[in-house]
Amino acid sequence: MGRFAGRFARVEPRCRVRDLVLGLLSDLPCKNCERSRNGPGVPARRACKHLLCRAVWDADGVRDDVREYVVEHLSDDAAVLVVDETGDVKKGTHTVGVQRQYTGTAGQIENSQVAVYLIYAGGRGHAAVDRELYIPRSWTCDPDRCRAAGLGEDTVFATKPDLARTMVERFLDAGHHVRWVTEDEVYGGNPKLRMALEERSIGYVLAVACSAEVPTGAGTFRADTLARKLPKRAWQNLSAGRGAKGHRFYDWAVIGLAEATPGRHQLLIRRNRSTCELAYYRSHSATPTSLATLVKVAGSRWRVEETLQTEKGLAGLDDTRFAATSCGSAGTPSRCSPMPSSPSFAPTNTHTVPQRTT
């Protein structure tokens with residue numbers, strides 16, 4: 001905690017955030033400002049809400065401190081940046097960014113708040129190093145609503161791929177380096193994001209829809225059309241990494257693409273050995289890369305995706321109500337919501353390192 005103590009101008013919020021973290025990591029069955037106030041190390045309800053909604057402290061500075069701590073302890077030349085999103089189901093209309101939208105937490109469209117996370121994944125573990133709250137157009141087109149919730153006057157709409165690009169660039173601009181980024185279909189289908197990664201010489205393995213059209217030497221085809229043309233010898237059985245039941249073996253194939261930009265562009269295809277279900281990825285690297293490497297990068301996202309919900313549960317963030325319904329004039333989206341908010345941490349699955357769940 002001493003690493004970011006200087007981000008708090010007063011000693012009171014500094015002590016309260018310490019108590020908040022201890023409370024989130026406690027064994028209390030329900031972790032919120034209402035019910036956890038009597039638990040060990042958990043701040044009183046009023047103090048807790050003051051910290052999250054009105055207290056002045058450098059939330060972005062804390063984010064940077066946590067990023068440096070994570071990279072310092074999990075540093076790995078083969079690390080991958082994983083972009084993933086998660087949501088929290090909400091009631092009412094006042095929580096920043098809330099609207100009816102799809103969230104993987106519920107598996108359907110719900111009244112919810114969604115945040116995008118950047119996760120550093122290496123051989124020794126993984127942890128979130130950045131976060132951005134997704135603010136829908138229903139908010140950015142309503143200045144009065146934004147103002148009432150404490151959002152700045154300069155708040156503009158940004159797509160989830162825009163938020164992902166911002167976080168990746170912020171990570172690189174801080175002086176860190178990774179060779180690969182992996183993301184799901186929401187991001188893989190965005191050409192601006194792909195181009196931004198290529199311009200920074202960052203390789204990627206990005207999931208795309210079966211209907212994604214890709215250029216080849218013989219013309220432009222849908223991804224699923226190309227998959228049907230593959231001969232049996234094109235498929236290789238490879239592990240995408242360990243899961244709860246051992247190695248995840250799938251059949252994989254790769255097709256070279258004819259992109260105008262420099263580097264090696266390919267379409268990576270995954271086939272489930274039992275169901276024959278297919279999944280598709282666009283990949284890019286500055287130099288020739290083995291199929292095994294591409295498979296390993298793709299598998300990094302699943303490893304993080306599975307543990308994200310587990311870690312939310314560990315810290316009680318899937319059942320937290322620390323956010324007030326309205327954050328007031330001093331509030332910011334980084335402090336108003338239980339997931340993209342205060343410096344809440346959860347340990348990674350393989351290394352005891354605090355994770356910024358923001």
Side-chain angles (χ1 to χ4, degrees), residues 1-28 30-70 72 88 90 94-97 113 115 117 127-133 135 146-155 170 174 311-312 314-317 319-347 353-358:
M1 299 295 291
R3 183 178 288 252
F4 53 80
R7 304 296 184 178
F8 298 84
R10 297 177 59 86
V11 66
E12 293 87 357
R14 189 185 313 156
C15 294
R16 287 168 186 160
V17 77
R18 177 198 60 199
D19 292 341
L20 175 63
V21 172
L22 291 175
L24 289 173
L25 296 178
S26 72
D27 294 329
L28 291 169
C30 184
K31 302 173 184 180
N32 56 50
C33 289
E34 297 286 348
R35 301 182 184 180
S36 63
R37 56 183 174 177
N38 295 322
V42 182
R45 172 178 177 272
R46 183 174 298 177
C48 175
K49 288 195 173 183
H50 175 78
L51 171 69
L52 296 177
C53 301
R54 294 179 295 277
V56 177
W57 50 279
D58 188 355
D60 288 343
V62 173
R63 172 204 64 203
D64 295 342
D65 292 338
V66 173
R67 179 191 63 222
E68 299 305 310
Y69 182 77
V70 169
E72 176 185 330
D88 289 281
K90 295 290 181 181
H94 297 290
T95 303
V96 178
Q113 180 188 58
Y117 291 86
V129 293
D130 207 342
R131 80 290 178 263
E132 287 289 344
L133 180 63
I135 309 294
C146 289
R147 191 178 305 111
L151 291 171
E153 297 290 338
D154 57 346
T155 301
R170 190 155 52 211
E311 291 167 351
K312 284 174 64 178
L314 177 64
L317 294 173
D319 189 38
T320 305
R321 302 293 184 273
F322 280 107
T325 56
S326 177
C327 295
S329 59
T332 68
S334 64
R335 287 201 290 269
C336 297
S337 58
M339 280 301 296
S341 67
S342 56
S344 309
F345 307 96
V353 175
Q355 174 180 334
R356 174 72 184 271
T357 55
T358 57

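In this chain, residues are counted from 1 in sequence order. All values derive from a computational prediction rather than experimental measurement.
Residues Tyr117 and Asp130 fail the side-chain proximity criterion, which asks for heavy atoms closer than 4.5 Å. In this structure the side chain of Ile135 reaches within 4.5 angstrom of the side chain of Val96, judged on heavy atoms. Side-chain contact between Arg7 and Trp57: absent, with no pair of heavy atoms (C-beta onward) separated by less than 4.5 Å.
For Ala174, the side-chain contact (heavy atoms from CB on, under 4.5 Å) partners are Arg67, Glu68, His176, not counting sequence neighbours. Residues satisfying the salt bridge (Lys or Arg N to Asp or Glu O under 4.0 Å) test with Glu12, not counting sequence neighbours, are Arg10. For Arg14, there are no salt bridge (Lys or Arg N to Asp or Glu O under 4.0 Å) partners, not counting sequence neighbours.
Judged by distance alone, the side chain of Gln113 and the main-chain N or O of Lys90 form no donor-acceptor pair under 3.5 Å.
Here the straight-line distance linking atom CZ of Phe4 with atom CG of Asp58 works out to 12.0 Å at 0.5 Å rounding. To the nearest 0.5 Å, atom CG of residue Leu133 and atom CG of residue Leu151 are 8.0 Å apart. Arg16 CZ to Leu20 CG: the interatomic distance, rounded to the nearest 0.5 Å, is 11.5 Å.
For the pair Asp60 and Arg63, the salt-bridge criterion is met [side-chain N within less than 4.0 Å of a carboxylate O].
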